Amino acid sequence: METAAPSAVIVAIDGPSGTGKSSTSKAVAAQLGLRYLDTGAQYRAITWWMITNGVDTDDPHAVAVAAGKPVIESGTDPSAPTITVDGLDASGPIRTQEVTSKVSAVSAVPEVRTLITELQRRIAAGARDGIVVEGRDIGTTVLPDADLKIFLTASAEARAARRNGELAGKEAADLAATKEALIKRDAADSGRKTSPLAKADDAVEVDTTALTLDQVIAHVVALVEEKRTAGK
Ligand SMILES: Nc1ncnc2c1ncn2[C@@H]1O[C@H](COP(=O)(O)OP(=O)(O)OP(=O)(O)O)[C@@H](O)[C@H]1O
Ligand SMILES: Nc1ccn([C@@H]2O[C@H](COP(=O)(O)O)[C@@H](O)[C@H]2O)c(=O)n1
């Protein structure tokens, strides 16, 4: 594996569900020639493995015992990120409603977090020109020495509307139900004992409620450029 160059920039982007972490991180990484890591996809991947292997995701002991078995690999090209489990493409199955409803329970298990955090740190350390890593605990736990930490927020109404927009032409989603589901997942992610969803003290908070995606991307790119100009 390559190691990071001294000039490599490490950007941590955290925030609740639907605030625009993935869309922003991918675009920022692509514009700046950085790698991109979707850590939520890794937690979803291990959850999918638990479900397909008959592990009870509500049993933290069973999840902890099985946590080391799946081999999870993330491809970090921002224009074509990949996620595989035991060599199988998991990009489709990890987005199902079943995985979404179970991922918070699996990701709350400390043994799962230890393994996935180690994997994330290895990937970040191997990104020669730098990387944008997005998730819930990147600035607080995974990469506390990141050069730039961003915490994205948005109102629950805006986030639910964005999520429903993704479903256009597929199934008519109930806005209130979407909002309730994302509030429930955020509460579980914020309330767990081990590295909960939280803003790092030194993170820049960006409220995206009234911003277009392009405005958020431009703002984050400017913040990274500022850091680079200042020699990080
Ligand atoms: N500022 C914005 N304005 C309007 N739509 C946006 C904005 N940012 C993101 N979106 C849209 O909102 C949806 C959710 O964005 P995205 O998947 O990037 O969020 P996320 O924070 O990564 O969510 P999750 O944590 O649930 O994976 C996408 O359809 C995206 O295009
Ligand atoms: N650093 C992280 C990232 C994600 N999680 C958990 O995974 C779930 C799915 O994340 P998405 O970004 O794909 O929606 C999320 O709800 C968390 O439970 C995490 O714990 N830490």
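Computed from a prediction, not measured in an experiment: that's the story for all the values here. Whatever order the structure lists ligands and atoms in, that order sets their numbers, starting from 1.
Residue Arg44 has no N or O atom closer than 3.5 Å to an N or O atom of ligand 1. Of the N or O atoms in Lys21, one or more lie within a sub-3.5 Å distance of an N or O in ligand 1. Considering backbone and side-chain atoms together, Gly18 places an N or O closer than 3.5 Å to an N or O of ligand 1.
When non-hydrogen atoms are compared, ligand 1 lies under 4.0 Å from the backbone of Thr212 (N, CA, C, O) but not from its side chain. Counting heavy atoms under 4.0 Å from ligand 1, residue Thr19 touches it through both backbone and side chain. Contact annotation: for Arg192 versus ligand 2, heavy atoms closer than 4.0 Å belong to the side chain alone. Using a 4.0 Å cut-off between heavy atoms, Arg185 contacts ligand 2 through its side chain alone, with no backbone atom that close. The residue Gln42 has no part lying near ligand 2, judged by heavy-atom distances below 4.0 Å. When heavy-atom distances to ligand 2 are checked against a 4.0 Å cut-off, Arg95 comes that close only through its side chain, counted from C-beta outward.
For the pair Gly15 and ligand 1, no heavy-atom separation below 4.0 Å is found. The closest approach between Arg185 and ligand 1 falls below 4.0 Å for a heavy atom of the residue. Ligand 2 lies out of reach of Ser17, whose nearest heavy atom is not under 4.0 Å from it.
Those atoms of ligand 1 with a heavy atom of Ser22 less than 4.0 angstrom away are 18 (O), 20 (P), 22 (O). Here is the list of ligand 1 atoms found below 4.0 Å of a heavy atom in Arg136: 25 (O). Close contacts of ligand 2 with Ser107, meaning ligand atoms under 4.0 Å from a residue heavy atom, involve 6 (C), 17 (C), 18 (O), 20 (O). Against a heavy-atom cut-off of under 4.0 Å, Gly20 is close to the following atoms of ligand 1: 8 (N), 9 (C), 15 (O), 16 (P), 18 (O), 19 (O), 20 (P), 21 (O). With ligand atoms numbered from 1 in the order given, ligand 1 contributes 1 (N), 2 (C), 3 (N) to contacts under 4.0 Å with heavy atoms of Leu211.
Closest to atom 10 (N) of ligand 1 among all protein heavy atoms lies Arg162 CD, 3.7 Å. Among protein heavy atoms, atom 21 (N) of ligand 2 sits closest to Arg113 NH2, 3.0 Å. Arg163 NH2, 3.5 Å is the protein heavy atom nearest to atom 27 (O) of ligand 1. Looking only at heavy atoms of the protein, atom 18 (O) of ligand 1 is closest to Ser23 OG, 2.4 Å.
Arg159 places a side-chain N or O within 3.5 Å of a backbone atom of Ala154 that can act as its donor or acceptor partner.
Salt-bridge annotation for Asp38 and Lys26: absent, with no side-chain N of the basic residue lying under 4.0 Å from a carboxylate O of the acidic one.
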